[in-house]
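Heavy-atom basis, side chains included; hydrogens, waters and symmetry copies ignored.
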Amino acid sequence: MISTQDWADTRLIWGYHQMGHTPQPCSVAIGLGSHDLGVAETAVDLYDRGMAPLLVFTGATSPTTRERMPRGEAVHYRERALELGVPSSAVLVEPRARNTGENITFCRELLREAGIDVTSVLLISKPYEERRAYATARKLWPGVRIVSASSPMTLDEYVDSIGDARLVIDMLVGALQRLLVYPEQGFMISQQVPEDVIEAYERLCRRGFTSRLLRDATA
């Protein structure tokens with residue numbers, strides 16, 4: 001049973017995960033691979049609006065995407081972009097990355113090898129991964145301006161799209177844990193987490209929304 005307090009805590013964390021950036025024209029748009037084709041569709045929308053002249057889709061497969069995207073997340077993203085009218089010349093694919101750090105590192109290498117000068121990146125992720133993606137990119141790609149973006153969805157809309165409210169809460173809790181512990185491990189920059197967000201996270205952990213937590217972490 002998901003209580004009224006659980007939902008209040010979840011909404012607080014959902015809001016914190018989103019950066020609130022206004023889309024701005026950037027050197028390139030990077031769509032981070034996942035189970036969610038909405039990332040590719042958002043990238044196409046931003047491309048059509050003139051926010052980036054080039055799309056890069058990054059991601060191999062994971063246990064949650066292997067059946068749905070057998071050719072790899074980035075490849076399926078590219079196919080969706082082409083279906084929506086983006087020319088193939090405007091899409092690059094990075095098919096090896098298996099985590100956010102590799103997404104950033106491998107895309108940086110790909111663009112450097114292609115001779116593309118990058119001063120700014122429009123970084124497109126799932127709605128609740130905006131802050132994690134931003135913090136990772138700031139750590140691994142210093143000197144480049146990062147603008148975060150995702151599908152413009154409310155929490156309720158996202159829950160409806162996934163079809164499993166408890167799983168969504170688990171994912172939001174897991175993503176916040178990583179924001180707390182990964183900076184010490186050198187994976188991302190440190191960001192201030194408001195006390196009420198930490199309290200909401202701790203309550204949800206006590207309530208058992210823990211399936212996406214790192215088991216060997218202290219936060």
Side-chain angles (χ1 to χ4, degrees), residues 12-34 36 38-40 42-43 46-47 51-60 62 73-74 77 92-94 96-114 116-153 171-198 201 212-214 217-219:
L12 189 62
I13 293 174
W14 171 268
Y16 177 71
H17 279 313
Q18 297 186 317
M19 297 296 297
H21 291 172
T22 299
Q24 303 173 31
C26 291
S27 306
V28 63
I30 296 177
L32 303 180
S34 72
D36 188 355
V39 173
T42 298
L46 292 166
Y47 171 85
M51 296 296 166
L54 178 69
L55 302 180
V56 181
F57 294 125
T58 168
S62 70
E73 297 155 6
Y77 277 21
L92 295 178
V93 167
E94 186 295 298
R96 299 179 294 140
R98 297 186 181 277
N99 57 56
T100 308
E102 289 184 353
N103 287 140
I104 302 303
T105 299
F106 294 165
C107 283
R108 185 179 182 182
E109 293 173 356
L110 175 67
L111 290 162
R112 184 179 64 246
E113 291 169 359
I116 297 169
D117 183 36
V118 178
T119 60
S120 56
V121 172
L122 189 55
L123 194 59
I124 306 160
S125 65
K126 300 187 293 295
Y128 72 90
E129 290 282 10
E130 277 194 23
R131 188 172 291 276
R132 176 182 176 183
Y134 172 84
T136 304
R138 285 284 311 280
K139 178 70 175 183
L140 299 178
W141 209 340
V144 168
R145 179 168 57 92
I146 304 297
V147 180
S148 293
S150 64
S151 300
M153 304 175 74
M171 292 190 296
L172 267 64
V173 169
L176 186 59
Q177 182 202 35
R178 286 156 177 79
L179 290 173
L180 295 170
V181 303
Y182 276 179
E184 294 181 0
Q185 298 176 23
F187 297 151
M188 61 175 65
I189 64 166
S190 178
Q191 298 175 94
Q192 183 176 2
V193 184
E195 188 63 32
D196 58 348
V197 173
I198 293 176
Y201 161 79
R212 293 304 178 97
L213 290 182
L214 302 166
T218 57

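- From Leu172, atom CG reaches atom CD1 of Ile13 across 6.5 Å, with rounding to the nearest 0.5 Å.
- Here the shortest heavy-atom pairing between Leu46 and Pro23 reads CD2-CB, 3.9 Å.
- Across Leu179 and Met188, no two heavy atoms sit closer than the pair CD2-SD, 3.7 Å.
- In this structure Pro152 satisfies the side-chain contact (heavy atoms from CB on, under 4.5 Å) test with no other residue, sequence neighbours excluded.
- Arg145 and Gln24 are linked by a side-chain donor-acceptor pair at a separation below 3.5 angstrom, with hydrogens and angles left out of the test.
- Between Ser27 and Pro53, the shortest heavy-atom distance links the atoms O-CD, 3.4 Å.
- Note that CG of Leu140 is 4.5 Å distant from OG1 of Thr105, once rounded to the nearest 0.5 Å.
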Item to check | Verdict with reasoning, Val121 to Val147, per side chain to side chain contact (heavy atoms under 4.5 Å, CB included) | outcome: CA-CA 6 Å; Val121 172; Val147 180; over 6 Å; no
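- Contact check on Arg108 versus Glu94 returns no salt bridge, with no Lys/Arg side-chain nitrogen under 4.0 Å from an Asp/Glu carboxylate oxygen.
- Gly33 and Glu73 get closest at one heavy-atom pair: C-OE1, 3.3 Å.
- Ala133 and Thr100 get closest at one heavy-atom pair: CA-CG2, 4.2 Å.
- We find the OG1-CG distance between Thr119 and Asp117 to be 6.0 Å, quoted to the nearest 0.5 Å.
- Counting heavy atoms from C-beta outward, Tyr77 and Thr58 have side chains that stay 4.5 Å or more apart.
- Under the ring-ring contact (aromatic ring centres under 6.0 Å, His included) criterion, Phe187 pairs with Tyr182, sequence neighbours left out.
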Indicate every side-chain donor-acceptor pair of residues 122-130 with a distance under 3.5 Å to a residue at least two apart or in another chain.
from	atom 1	to	atom 2	distance (Å)
Ser125	OG	Glu130	N	3.4
Glu130	OE1	Met19	N	2.9
Glu130	OE2	Ser150	OG	2.6

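- We find the SG-CZ distance between Cys107 and Arg112 to be 12.0 Å, quoted to the nearest 0.5 Å.
- A pairwise comparison of heavy atoms in Asn99 and Gly101 identifies OD1-N, 3.1 Å as the closest pair.
- In this view, Thr42 and Ser151 satisfy the side-chain hydrogen bond (donor to acceptor under 3.5 Å, both in side chains) rule, not counting sequence neighbours.
- Checked against side-chain contact (heavy atoms from CB on, under 4.5 Å), Leu92 has the following partners two or more places apart in sequence or in another chain: Leu54, Val56, Leu110, Leu111, Ile116.
- In the model, Gln191 has a side-chain atom that pairs as donor or acceptor with a side-chain atom of Arg131 under 3.5 Å.
- Annotation: ring pair (Phe, Tyr, Trp, His ring centres under 6.0 Å) contacts involving residues 131-150, sequence neighbours excluded, comprise His21-Tyr134.
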